[in-house]
Visitor: 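My questions all concern the structure below.
Below, chain A is the first sequence line, B the second, and so on; all start at residue 1.
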Protein chains: 2
Amino acid sequence: MKSDLKQTEPTQLCAVDYAFKRIGGKYKARILWYLSMKGVLRYGELSRTLPDITTKMLTQTLRELEEDNLIIRKMYHEVPPKVEYSLSETGQELIPFIAHLHHWGKKHIEKEASTSQAILDERTKVCQSVCGTD
Amino acid sequence: MKSDLKQTEPTQLCAVDYAFKRIGGKYKARILWYLSMKGVLRYGELSRTLPDITTKMLTQTLRELEEDNLIIRKMYHEVPPKVEYSLSETGQELIPFIAHLHHWGKKHIEKEASTSQAILDERTKVCQSVCGTD
DNA sequence: TATCTTACCTACTAAAAGGTATGTATTGCT
DNA sequence: AGCAATACATACCTTTTAGTAGGTAAGATA
């Protein structure tokens, strides 16, 4: 398929881009963020912390984060199964930046909130119960 | 379609999530990053700075960034047309975090590079010519 | 008058990401 | 023997995002 040109594909690989690929995706940053808040979370706990994620996506996302060495998966050979997730060192390195994002996001959500208060109160409450109020 | 339940959809809106939505997407962070490096860039300059983006995506992405008040679009009524893009104040606020990401990414690219040197040299060069070596 | 330049626009198509629904494994408990 | 608990797996489908290929406008210049 369209073989001829650009066989080597020297698409620029910007560091920003590279980083984004590792933590992009709908849930990755949030999972890292929650893990940094809680330290260690079991699969089920994560699932309850992110009520809008399906088990398929949760598993898939966790796998990707693990492959990228951002989180550590520790499984206990028990029944029923028990698996714990926590941040790796590399993952920890990303927390300050996610914190910055969180701060920035919070600020701008509040700005927007001046127009539509009620809805936001409802929508942010789950997150706040995890993240703390500040 | 699946009307009954969850009519209000109080999907949690995490600040991290919110922020990610505003700068997620394949090119957004990179555009912001380049704009922070260069200050002001014309449409064509941006296009040349990100050689892998099509005009369709560039325009679309710029529009989204503008709607989100992250960049400022200044058009001169000349022919041929001239349009300049720069960071808004809100956009500027994101730079420290993108810088952090860039730093982190660079570090890990280099780590990986120990295995596959040549390819990376090639792939990072465009970005470095824009971003500087550090 | 034809051509050039710049900054777009617009169908249409392809690929990636995410969602739904259902199934599996193990073993302790009743 | 049957059920519950936990952490998944997998096939299939929908939505979102991105890419392709072409076109437009308008004045400046040859």
Side-chain angles (χ1 to χ4, degrees), chain A residues 1-6 9 11-12 14 17 20-31 34-35 40-68 71-86, chain B residues 1-6 9 11-12 14 17 20-31 34-35 40-68 71-86:
Chain A
M1 309 83 175
K2 62 172 174 181
S3 45
D4 231 354
L5 303 170
K6 42 173 167 168
E9 279 277 295
T11 325
Q12 66 176 312
C14 180
D17 225 40
F20 244 87
K21 271 177 202 149
R22 285 180 72 170
I23 54 157
K26 201 166 174 183
Y27 307 103
K28 282 186 180 175
R30 239 155 93 208
I31 289 176
Y34 292 156
L35 283 177
V40 177
L41 286 171
R42 291 183 61 175
Y43 183 88
E45 292 176 316
L46 274 167
S47 185
R48 265 166 266 130
T49 308
L50 295 96
D52 57 329
I53 197 174
T54 61
T55 65
K56 182 205 159 199
M57 282 313 294
L58 181 55
T59 304
Q60 187 178 305
T61 307
L62 289 170
R63 288 288 133 78
E64 287 171 22
L65 290 171
E66 200 198 346
E67 273 174 33
D68 269 347
I71 62 171
I72 291 161
R73 179 172 184 271
K74 184 174 180 185
M75 63 180 298
Y76 297 81
H77 289 283
E78 305 172 358
V79 166
K82 177 177 174 184
V83 181
E84 285 180 348
Y85 293 92
S86 57
Chain B
M1 312 83 172
K2 60 172 175 181
S3 44
D4 232 354
L5 303 170
K6 41 174 170 170
E9 280 276 294
T11 327
Q12 67 176 313
C14 181
D17 225 41
F20 244 86
K21 270 177 201 147
R22 285 178 74 169
I23 54 159
K26 200 167 176 182
Y27 306 103
K28 283 186 180 175
R30 241 154 93 207
I31 289 177
Y34 292 155
L35 283 176
V40 177
L41 286 171
R42 291 183 60 176
Y43 183 88
E45 292 175 317
L46 274 167
S47 185
R48 265 165 266 129
T49 308
L50 295 97
D52 57 329
I53 196 174
T54 61
T55 65
K56 182 207 158 198
M57 283 312 293
L58 181 55
T59 304
Q60 188 178 306
T61 306
L62 288 170
R63 288 288 132 79
E64 287 171 21
L65 289 171
E66 201 199 345
E67 273 173 33
D68 269 347
I71 62 171
I72 291 161
R73 180 171 182 270
K74 184 174 180 185
M75 63 181 297
Y76 298 80
H77 289 281
E78 304 173 357
V79 168
K82 177 176 173 184
V83 180
E84 285 180 348
Y85 294 91
S86 57

Visitor: Starting at CZ of Arg48(B) and ending at P of dT6(C), how long is that distance when rounded to a whole Å?
Guide: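 About 7 Å, once rounded to whole Å.
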Visitor: Can you check the Glu64(B) CD to dC9(C) C1' distance for me, whole Å?
Guide: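 Atom CD in Glu64(B) sits about 15 Å away from atom C1' in dC9(C).
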Visitor: Please determine if a side-chain N or O atom of Arg63(B) lies less than 4.0 Å away from the OP1 or OP2 oxygen of dC9(C).
Guide: yes
Visitor: Of the nucleotides dA7(D), dA26(D), dG19(D), which has the atom closest to the Met57(B) side chain?
Guide: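 My answer, after comparing the listed nucleotides, is dG19(D).
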Visitor: What is the distance, rounded to the nearest whole Å, between atom CD of Gln60(B) and atom P of dC12(C)?
Guide: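 After rounding, the gap between these two atoms is 17 Å.
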Visitor: Which is true for Lys56(A) with a 4.0 Å heavy-atom rule: it touches a base, it touches only sugar-phosphate, or it touches nothing?
Guide: base
Visitor: Just compare dT6(D), dC8(C), dG19(D) and give me whichever is closest to any side-chain atom of Pro80(A).
Guide: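 Of the candidates, dT6(D) comes closest.
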Visitor: Roughly, in whole Å, what's the span from NE2 in His77(A) to C1' in dT6(D)?
Guide: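 Computing the His77(A):NE2 to dT6(D):C1' distance gives 14 Å.
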Visitor: Between dT16(D) atom P and Tyr27(A) atom OH, what is the distance in whole Å?
Guide: 12 Å
Visitor: Nearest of dC8(D), dG19(C), dA7(C) to any side-chain atom of Lys26(A)?
Guide: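 Nearest nucleotide to the side chain: dG19(C).
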Visitor: So if I take every side-chain heavy atom of Thr55(B) and compare against dA18(D), dA7(D), dC8(C), which nucleotide ends up nearest?
Guide: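 That would be dC8(C).
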Visitor: Please report the C-alpha distance between Phe20(B) and Tyr27(A) in whole Å, then the side-chain angles of each, then the deciding distance to 0.1 Å, and finally whether the ring pair (Phe, Tyr, Trp, His ring centres under 6.0 Å) criterion is met.
Guide: CA-CA 10 Å; Phe20(B) 244 86; Tyr27(A) 307 103; over 10 Å; no
Visitor: Picking from dC8(D), dG19(C), dA7(C), which would you name as closest to the side chain of Tyr43(B)?
Guide: dA7(C)
Visitor: For the side chain of Thr59(A) and the backbone of Thr55(A), is there at least one donor-acceptor N/O pair under 3.5 Å apart?
Guide: yes
Visitor: Are any of Arg42(B)'s side-chain N or O atoms less than 4.0 Å away from OP1 or OP2 of dT6(C)?
Guide: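 Indeed not, no polar side-chain atom of Arg42(B) lies that close.
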Visitor: Determine whether Thr49(B) and Ile31(B) make a side-chain contact, defined as any pair of heavy atoms from C-beta on separated by less than 4.5 Å.
Guide: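 SC-SC contact between Thr49(B) and Ile31(B) ruled out.
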Visitor: Look at the side chain of Val79(B) and decide which nucleotide, out of dA26(D), dC8(C), dA7(C), has an atom nearest to it.
Guide: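 Among dA26(D), dC8(C), dA7(C), the one nearest the side chain of Val79(B) is dA26(D).
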Visitor: Could you state the atom-to-atom distance from CG of Leu58(A) to C1' of dA7(D) in whole Å?
Guide: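 Distance, rounded to whole Å: 10 Å.
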Visitor: Assess whether side chain to side chain donor-acceptor pair (under 3.5 Å) is satisfied between Glu84(A) and Tyr76(A), documenting all intermediate values.
Guide: CA-CA 8 Å; Glu84(A) 285 180 348; Tyr76(A) 297 81; 2.9 Å; yes
Visitor: Have a look at Tyr76(B) and say if it touches a base, only the backbone sugar-phosphate, or nothing, with a 4.0 Å heavy-atom cut-off.
Guide: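 Nothing: the residue Tyr76(B), judged by heavy atoms under 4.0 Å, touches no strand.
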Visitor: Tell me: CG of Asp52(A) to P of dT15(D), nearest whole Å?
Guide: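 Between P of dT15(D) and CG of Asp52(A): 18 Å.
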Visitor: Taking the nucleotide of DNA chain C with the closest heavy atom to each, which residue, Pro81(A) or Ile53(A), is nearer the 5' end?
Guide: Ile53(A)
Visitor: Separation of Lys82(A) atom NZ from dT27(C) atom C1', in whole Å?
Guide: 17 Å
Visitor: For residues Met57(B) and Lys26(B), determine if any side-chain heavy atom of one lies less than 4.5 Å from a side-chain heavy atom of the other.
Guide: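 Not in contact.
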